[in-house]
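For reference, the structure is listed below as structure tokens.
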Amino acid sequence: MAQPTLTFPRPVFAKLSPHPFLLRSLCPQSESDPAGRTNGRAPREARSINIHTSSLSHAHGSAVIRTGDTTVICGVRAEVLPVASIPQFRPRAAFEEETETSKRAELKNYDLLVPNIELATGCAPQFLPGVPPTALAQTLSTRVYSLLHGSGMVDVEDLRIWKRQKKEGEMEVDEDGEEEREEQELVGYWVLYVDLLFVSFDGNPFDAAWTAVVAALKDTKLPVARWDTEREAVVCSRESRPLKVRGLPVACSAAVFLEKEYGEPGEGRHWILLDPDRLEETLCREVITMVVDCSSGETRIRAIEKQGGTVVGRELLRGFAGVAEQRWKEVSKAMQ
Amino acid sequence: MADRRRINGPPGATIPPIYEDASDKSVVTRQPPRSRPANAIRQTYLKTGVTPSASGSAYLEVEMAGKPGVSGLKLSCTVHGPRSLPRSSLFSPHIILSTHVKFAPFATKQRRGYLRDPTERDLGSHLEAALRGAIIADRWPKSGVDIIVSIIEGDQDRETSRQQGDEAWDMMNTLSGCITVASAALADAGIDCVDTVAGGVAALVRDDADNGKPKIVIDPVPSEHDKIEAACCVAYLPTRDEITNLWFKGDMPDDDMATYMELVQQGIQASKHANRVLVQCIGETVG
Amino acid sequence: MASVTIPGQLLGPTSKYQPGPGTHIHQTNLYSSLLGVVHVSQPVKAPGPAKRLNKITPAPAPAELPTISVSRSGVSEKREVLPEVGNVVLCRVVRISPRQAVVAILICGDTVLDAEWQGVIRVQDVRATEKDRVKIYESFRPGDIVRAEVISLGDQANYYLSTAKNELGVIMATSEAGNTMYPVSWKEYRDPETGVSEARKVAKPF
């Protein structure tokens, strides 16, 4: 009995039965028909990435990322948080040693990094404004938030604003015998609002959003701030200095496509589709994201996230690190 | 009442940077006056099809006025529809238009929140009025169309608006851009329109250089003038010779009808210029 | 003649042409209402099946005038159409009740729809014969792909559809076991792996 689906043109087939549509594309029917994804890519092929920075004039740092039909804009804006406005502010005592952990805790406790993702721009038909942020938008914001803190890209030292004054005629003389020394007092912090706006959405939002965050942070220049005693406020000069960003974590996501749409997972064949598009995302339940950083010369895994499904195990994960490494090279090249 | 669905940042209020020279008027470099003719609009770039998954989309950029700190307008518009109406809505014999205008948080000097504020709602309703006059609504019974304009960058000067203390003039240019970009996106979506609507702004300005004599310019950049007396934003259909929306703001004597009419006329001129860009843009998408 | 027009562009006087899809009349002239390509069809070959009713078209047109229309073909594949009475549509069954099957219309004619328009197949519209014996659950199951004809614009939310013709009915069905089934008679589909039959209103294969 002939399959009725054979008689439909491609777009009709895709709309009526998307799962068999993608499956057929991945399993070639004949010699002349090469296997591939419905978007024309090979399973392990990501879309090329295009990065444009410093295009926004009201933000302190910005980036526009385009990969395929996914476009995201990221703007970083710095605002001053005076110490007086922090309810649980606890200045570090002199004897407390500053460690990497204490610095990270400081960054997190005072909430100095504020990423938010806006999808409700009509970037795809399912994201229209006028409703609260969708579950996806909330999840993405939270994932970016935790990766920002987890990766330690931003040093809290860079965000501190000091009140510096010369202390003259000290009663106690320092052991060094300095007559004059500078006294520092922490008066505030820079808070970085990292706002992301999706202009166009075609799958794999996290990788695109994260790349935009990294590129925008690297582009960020903070004004030089000091304490003005007369005005009793933090004032900035027109000079600015670039924000130091440590490392270059790159996110690499893939979806697992199963041969059987229904039934037990684990049966039948599967395909790992790197950088999935919108159609593929709706057909795959298992998604893996690995964040790697090879900027120090060796590959460091910064984060692994996996949702749904049971295909990706230890072996596949190990192999995926190589794929992520390859992706890191592509993205870091695009960053330059 | 923190919004639990977003990341809100520190509980204490944060302050946008205050620059040491901001209150010192003498230090603020005076923007150079308008260099282009009074009847010319700024260079405008328009492109359709930027959001492939939407029914129609367009991106508009107005060039920077050639000075640092002055941002050009950047707008992205998506059109979704005709689509079915929500189940709760009543039967409608024609298409129901809904417009949303939203500033990106980084679009203006002050960081914008994620909830729509009254300015954005106001822009949305002006935009709806401007488009409603152009769409042939009864071709699409029981359907709806969503028109969403995201303002990526507002037409705003980083320094001057604070001195003038009024964003209203910037809003006029923004609305005019919204109308033009939405019109292009509607054409891209294939929704029947009687004409291509485009927005234009004209303003009555007073410059010290002209000894304070008022004059009318189109597509005004507030920072280029000492004072803006009045301005109007016009949405105009060129082949029909009809105005679908008129927004007038300012201070003019009530006996000066001639100036008022002239201002509207110049607004139409500005709209015609924008329309030329629009027609060229959508014409290019074919072939 | 094939040239590109934009909305509002003058196409000609009403004394010379009849308005087709994508055009409108203002005063005594015809204008384009879409960005698209102009087509003029001579009255000899009656204008093909219009994708949708043009509300502005005067009812019976004087036959001697050629019809001018603007089509989106060649400009953009993306062009939403509204289901019209008499159109054959492909739809997916969303849910069933004893009185009707609710479907999402996916394809109208040859056009893949962007939006999902909802339709219903009422129990009396499932087949032409023995209407009072029809049971919805013996005709459709959620997930089935159905070929149907639009019979009415319906109420505010739904188009009314009918499968009361031999070539209309279920064209693709999945069994309870999750396998694609094939039709064995006018009222049955069979799962090739388990051999179990399920009742459907089967469309006669072309």
Side-chain angles (χ1 to χ4, degrees), chain A residues 55-59 62 69 71 73-82 84-87 110-116 118 120-125 128-130 132-133 137-138 141-142 144-145 188-189 191 193 195 197 199-202 222-223 225-226 228 231 233-238 278, chain B residues 3-23 27 50-55 57 59 64 68-72 74 76-81 83 98 100-102 104-112 114 116 146-150 152-154 156 158 185:
Chain A
S55 48
L56 300 177
S57 54
H58 294 297
S62 64
D69 284 341
T71 307
I73 300 177
C74 178
V76 176
R77 187 191 292 255
E79 291 198 357
V80 176
L81 176 69
S85 325
I86 305 178
Y110 301 146
D111 244 339
L112 303 180
L113 302 174
V114 193
N116 272 294
E118 180 70 299
T121 58
C123 58
L128 293 183
Q138 295 179 50
S141 300
T142 312
V144 168
Y145 177 85
Y189 290 99
V191 174
Y193 290 96
D195 294 298
L197 190 81
V199 172
S200 181
F201 181 95
D202 188 20
L222 294 179
R226 61 173 178 84
D228 189 302
R231 278 192 258 182
V234 173
V235 294
C236 308
S237 71
R238 294 283 167 191
R278 206 154 57 100
Chain B
D3 186 347
R4 303 186 117 258
R5 285 169 291 215
R6 293 193 172 86
I7 293 167
N8 295 299
T14 56
I15 310 156
I18 302 163
Y19 289 97
E20 50 200 357
D21 54 10
S23 57
V27 184
V50 288
T51 307
S53 51
S55 313
S57 58
Y59 174 80
M64 303 211 189
V70 184
S71 81
K74 291 189 182 74
S76 158
C77 177
T78 58
V79 171
H80 291 271
R83 46 166 48 213
S98 53
H100 302 260
V101 178
K102 187 77 195 76
F106 41 74
T108 47
K109 213 169 29 174
Q110 296 286 330
R111 182 173 181 269
R112 293 264 174 176
Y114 278 95
R116 272 205 293 170
D146 288 276
I147 296 152
I148 304 129
V149 181
S150 304
I152 295 163
E153 193 138 76
Q156 198 178 49
R158 208 190 279 180

Discussion item. Treating B:Lys102 as the side-chain partner and A:Pro129 as the backbone partner, does any N or O pair qualify as donor plus acceptor under 3.5 Å?
Written reply: no
Practice prompt. Please look at A:Ile73 and chain B and tell me whether the side chain, the backbone, both or neither of the residue comes under 4.5 angstrom of a heavy atom of that chain.
Written response: both
Worksheet item: For B:Tyr19 and A:Arg231, which heavy atoms make the closest approach, and how far apart are they?
Response: O-NH1, 4.3 Å
Worksheet item: For A:Pro223, is it the side chain, the backbone, both, or neither that has a heavy atom closer than 4.5 Å to a heavy atom of chain B?
Response: side chain
Practice prompt. For A:Tyr110, check ring pair (Phe, Tyr, Trp, His ring centres under 6.0 Å) against everything at least two apart and list the hits.
Written response: A:Phe89, A:Tyr189
Worksheet entry | Side chain / backbone / both / neither for A:Val191 at chain B, heavy atoms under 4.5 Å | side chain
Discussion item. Ignoring hydrogens, what is the shortest heavy-atom contact between B:Pro17 and A:Glu79? Give both atom names and the distance.
Written reply: CD-CA, 4.4 Å
Practice prompt. Return the minimal non-hydrogen interatomic distance between A:Arg77 and B:Thr108, and the atom names on each side.
Written response: NH2-O, 2.5 Å
Worksheet item: When rounded to the nearest 0.5 angstrom, what is the spacing between CZ in B:Arg6 and OG in A:Ser141?
Response: 8.5 Å
Response to the item:
All heavy atoms of A:Gly122 vs all of B:Ala54, minimum pair found to be O-CB, 4.3 Å
Item to complete: Indicate the atoms forming the closest heavy-atom contact of A:Cys123 with B:Thr51, along with that distance.
Response: O-CG2, 3.4 Å
Discussion item. With a 4.5 angstrom heavy-atom cut-off, is it the side chain or the backbone of B:Arg83 that approaches chain A, or both, or neither?
Written reply: side chain
Response to the item:
Most contact-rich option vs chain B, by heavy-atom pairs under 4.5 angstrom, among A:Ser85, A:Ser200, A:Gly75, A:Cys236, is A:Cys236
Worksheet item: Given that the side chain runs from C-beta out, which part of A:Asp228 has a heavy atom under 4.5 Å from chain B: side chain, backbone, both or neither?
Response: neither
Worksheet item: Non-hydrogen atoms of chain B under 4.5 Å away: do they reach the side chain of A:Ala78, the backbone, both or neither?
Response: backbone
Practice prompt. Measure distances from B:Thr14 to the heavy atoms of chain A and classify the residue's part below 4.5 Å as side chain, backbone, both or neither.
Written response: both
Worksheet item: Could you state the interatomic distance from CG (A:Asp111) to CG (B:Asn8), rounded to the nearest 0.5 Å?
Response: 8.5 Å
Worksheet entry | Closest non-hydrogen atom pair between A:Val199 and B:Ser76, with its separation | CG1-OG, 3.5 Å
Worksheet item: Can you say whether A:Pro125 sits under 4.5 Å from chain B via the side chain, the backbone, both, or neither, judging by heavy atoms?
Response: both
Worksheet entry | Best-contacting candidate, A:Val235, A:Asn116, A:Leu113, against chain B by heavy atom pairs under 4.5 angstrom | A:Asn116
Fill in: Under-4.0 Å salt bridge between A:Asp195 and B:Arg111
yes
Discussion item. With chain B as the partner, which of A:Asp202, A:Leu222, A:Val114 has the greatest number of non-hydrogen pairs under 4.5 Å?
Written reply: A:Val114
Worksheet entry | Portion of B:Ile147 that has a non-hydrogen atom of chain A nearer than 4.5 angstrom | neither
